[in-house]
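Throughout, numbering of the chain's residues begins at 1 and tracks the sequence. Quick caveat: nothing in here was measured; it's all calculated off a predicted structure.
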Amino acid sequence: NRLAAEQAKAKQRREEEIRAASKLTEAERLADIRQKGLDKMDMSYNKMMEIPKSLFHGRDAQDRIGNLVWADFSNNKIEAIPEGFLFWFSSVRSITFASNRLSCLPSETENLATLEILDISNNELVRLPPEIGRLVKLKHFMCAHNHFERLPDEIGDCVSLELLVVHSNKLTHLPHTIGHLAALERFDLRGNQIIELPEEFADLVSLTKLDLLGNRLPYLPEKLGQCCQMKLYDMGANEIAVAPDSMENFEEMEMCSMRENQLQELGDYISGWRAVIQIDCWHNKIHHISSGIGNCASLQSLLMTDNCL
């Protein structure tokens, strides 16, 4: 009846007013937290051997951590992340444990659901937990200068990754799931011991910067040219004898280093490098340069010393 309909509408309006007031109250609370600087925690350079329990034991401490969007624990001597610590970081977007003495990353890492930036570089880590794949909002991941021999398959689930820095580890292979990182723009793999890249590597179609310097690669994926947004490319100090023809698709590339390999020619693929400014082929075995070099209209520097020309 009419009265019941009016009551239902009034109830709906009241519920909407309550939700709006709740949102406003929460927004005001967060604004107050930011204004007071309570959304940040800087514990870097404190010579800490461990994370004090006072930081996360008790309701007040846990609420404090729950409000954080940025936390820095870098440049200490922390050997382990205590159990239960990461559970309370419900809003954090950036956290760094760089330059400590961590030997493992706890499975509780999966609780960092809002995390966008994670830096665990310069530690003593030997493996990443499979739970790393739960960090689906992670955009920047830095884990250089550790002791990783492999990356877990679950790294491919971090589909928001734009920057992945894994240089100076002990990697020999990459998982096939690496090709799932279609948003990845910058990939730093310098100074590992990689002997093969999976064919799925060519699915990293958003790559603009790739650094493979100082590995043990004898060849590259045939379809690497699918990474056609490449601008900065370094495959120096490997064991590569032939570059794939598909590299002709690197039409946006500006700088390319192929120094210290086993290349015998600078092939026809260079005909597509119309934007390239610098090519470094120092110390190879090159005896032939393709006439396609004439298409490199933007070329300013071509380094060919210590070859067989």
Novice: Can you confirm whether Glu149 is buried at CD, in the sense that more than 12 heavy atoms of other residues, nucleotides or ligands lie under 6.0 Å from that atom?
Specialist: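 No, the 6.0 Å shell around CD holds no more than 12 heavy atoms from other groups.
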
Novice: Kindly say whether Asp39 contributes a backbone atom to a donor-acceptor pair with the side chain of Asn67 at under 3.5 angstrom?
Specialist: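 No, the answer is negative, given that no donor and acceptor are paired below the 3.5 Å cut-off.
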
Novice: State whether the number of non-hydrogen atoms from other residues, nucleotides or ligands found under 6.0 Å of Glu222 atom CD is greater than 12.
Specialist: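 Open: at most 12 neighbouring heavy atoms sit under 6.0 Å from CD of Glu222.
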
Novice: For Arg190, does its backbone N or O pair with a side-chain atom of Asp211 as donor and acceptor, under 3.5 Å?
Specialist: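 The answer is no, because no donor-acceptor pair under 3.5 Å joins these two groups.
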
Novice: To the closest 0.5 Å, what do you measure between OG (Ser291) and CG (Asp268)?
Specialist: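 It comes to 6.5 Å.
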
Novice: Should the heavy atoms of other residues, nucleotides or ligands under 6.0 Å from CZ of Phe87 be counted, would the total exceed 12?
Specialist: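 Counting other residues, nucleotides and ligands, CZ of Phe87 stays at 12 neighbours or fewer.
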
Novice: Measure the shortest side-chain to side-chain distance between Ser290 and Leu266 over non-hydrogen atoms and say whether it is less than 4.5 angstrom.
Specialist: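 Side chain of Ser290 against side chain of Leu266, heavy atoms only: no contact under 4.5 Å found.
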
Novice: Classify the angle between the aromatic ring planes of Phe85 and Phe89 as parallel (below 30°), tilted (30 to 60°) or perpendicular (above 60°).
Specialist: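 Rings of Phe85 and Phe89: perpendicular, over 60°.
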
Novice: How long is the span from the CZ atom in Phe250 to the CG atom in Leu210, to the nearest 0.5 Å?
Specialist: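 The CZ atom of Phe250 sits 7.5 Å away from the CG atom of Leu210.
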
Novice: Using side chain to side chain contact (heavy atoms under 4.5 Å, CB included), reason through Met304 and Leu309 one step at a time and then give a plain yes or no.
Specialist: CA-CA 8 Å; Met304 298 295 300; Leu309 295 169; 3.8 Å; yes

Novice: Using a side-chain heavy atom cutoff under 4.5 Å and only I, L, V, M, F, W and Y, what cluster partners does Val69 have?
Specialist: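 Members alongside Val69: Trp70.
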
Novice: Apply the test side chain to side chain donor-acceptor pair (under 3.5 Å) to residues Asp72 and Thr96: give CA-CA distance (whole Å), side-chain angles for both, the deciding distance (0.1 Å), then the verdict.
Specialist: CA-CA 5 Å; Asp72 187 348; Thr96 174; 4.5 Å; no

Novice: Roughly how far apart are Leu164 CG and Cys158 SG, rounded to 0.5 Å?
Specialist: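 If we round to the nearest 0.5 Å, Leu164:CG and Cys158:SG are 8.5 Å apart.
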
Novice: Side chain to side chain donor-acceptor pair (under 3.5 Å) for Gln262 and Lys285? Distances and angles first, verdict last.
Specialist: CA-CA 6 Å; Gln262 302 293 318; Lys285 298 179 179 180; 2.9 Å; yes

Novice: Using a 3.5 Å distance criterion without hydrogens, assess whether the side chain of Asn307 forms a donor-acceptor pair with backbone atoms of Ile286.
Specialist: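 Such a contact is found between Asn307 side chain and Ile286 backbone.
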
Novice: Between His176 and Glu200, is the side chain to side chain donor-acceptor pair (under 3.5 Å) condition met? List the steps.
Specialist: CA-CA 6 Å; His176 294 280; Glu200 291 83 356; 2.9 Å; yes

Novice: Under the criterion side chain to side chain contact (heavy atoms under 4.5 Å, CB included), I'd like the reasoning laid out for Glu254 against Gln278: C-alpha separation, chi angles, the key distance, then a yes or no.
Specialist: CA-CA 7 Å; Glu254 298 173 358; Gln278 177 179 320; over 6 Å; no

Novice: So, taking the atom named CG in Leu224 and the one named CE in Met235, what distance separates them when rounded to the nearest 0.5 Å?
Specialist: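 Those atoms lie 9.5 Å apart.
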
Novice: Roughly how far, to the nearest 0.5 Å, is the CG atom of Asn169 from the CZ atom of Arg150?
Specialist: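 Rounded to the nearest 0.5 Å, the CZ-CG separation comes out at 13.0 Å.
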
Novice: Does the side chain of Ile95 come within less than 4.5 Å of Leu118's, by heavy atoms?
Specialist: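 Counting from C-beta outward, Leu118 and Ile95 do come under 4.5 Å.
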
Novice: Whether the side chain of Thr208 engages the backbone of Gln229 through a donor-acceptor N/O pair (distance < 3.5 Å, no angle test) should be reported.
Specialist: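 Not at all, since once roles are kept as given, no pair shorter than 3.5 Å links the two residues.
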
Novice: Got a second to check how far Asn111's CG is from Glu131's CD, nearest 0.5 Å?
Specialist: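 If we round to the nearest 0.5 Å, Asn111:CG and Glu131:CD are 9.5 Å apart.
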
Novice: Salt-bridged, Arg64 to Asp60, with N to O below 4.0 Å?
Specialist: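 Between Asp60 and Arg64 there is no salt bridge, as every charged N stays at least 4.0 Å from the carboxylate O atoms.
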
Novice: For Gly133, does its backbone N or O pair with a side-chain atom of Asp157 as donor and acceptor, under 3.5 Å?
Specialist: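 No, Asp157 side chain to Gly133 backbone: no donor-acceptor pair under 3.5 Å.
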
Novice: Crowded around Asn46 CG? As in, over 12 foreign heavy atoms under 6.0 Å?
Specialist: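 Check passes, neighbour count above 12.
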
Novice: Taking salt bridge (charged side-chain N to carboxylate O under 4.0 Å, His left out) as the test, write out the residues that go with Arg186, two or more places apart.
Specialist: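 Listed in chain order: nothing, the list is empty.
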
Novice: Can you list everything that forms a ring-ring contact (aromatic ring centres under 6.0 Å, His included) with Phe141? Sequence neighbours excluded, please.
Specialist: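 By the ring-ring contact (aromatic ring centres under 6.0 Å, His included) rule, Phe141 matches no residue at all.
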
Novice: Counting neighbours of CZ on Arg134 that are heavy atoms of other residues, nucleotides or ligands and sit closer than 6.0 Å, is the number greater than 12?
Specialist: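 Check fails, neighbour count at 12 or below.
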
Novice: Show your reasoning for whether side chain to side chain donor-acceptor pair (under 3.5 Å) applies to Glu239 and Tyr219.
Specialist: CA-CA 7 Å; Glu239 302 168 12; Tyr219 59 89; over 6 Å; no

Novice: Looking at side-chain heavy atoms only, is the closest gap between Phe73 and Leu55 below 4.5 Å?
Specialist: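 With C-beta onward as the side chain, the pair touches.
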
Novice: With side chain to side chain contact (heavy atoms under 4.5 Å, CB included) as the test, would you mind laying out the steps for Leu263 and Met258 before giving the verdict?
Specialist: CA-CA 8 Å; Leu263 294 173; Met258 300 190 285; 3.8 Å; yes

Novice: Please work out which of the three classes, parallel, tilted or perpendicular, describes the rings of Phe187 and Phe201, given edges at 30° and 60°.
Specialist: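 Correct class here is parallel.
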
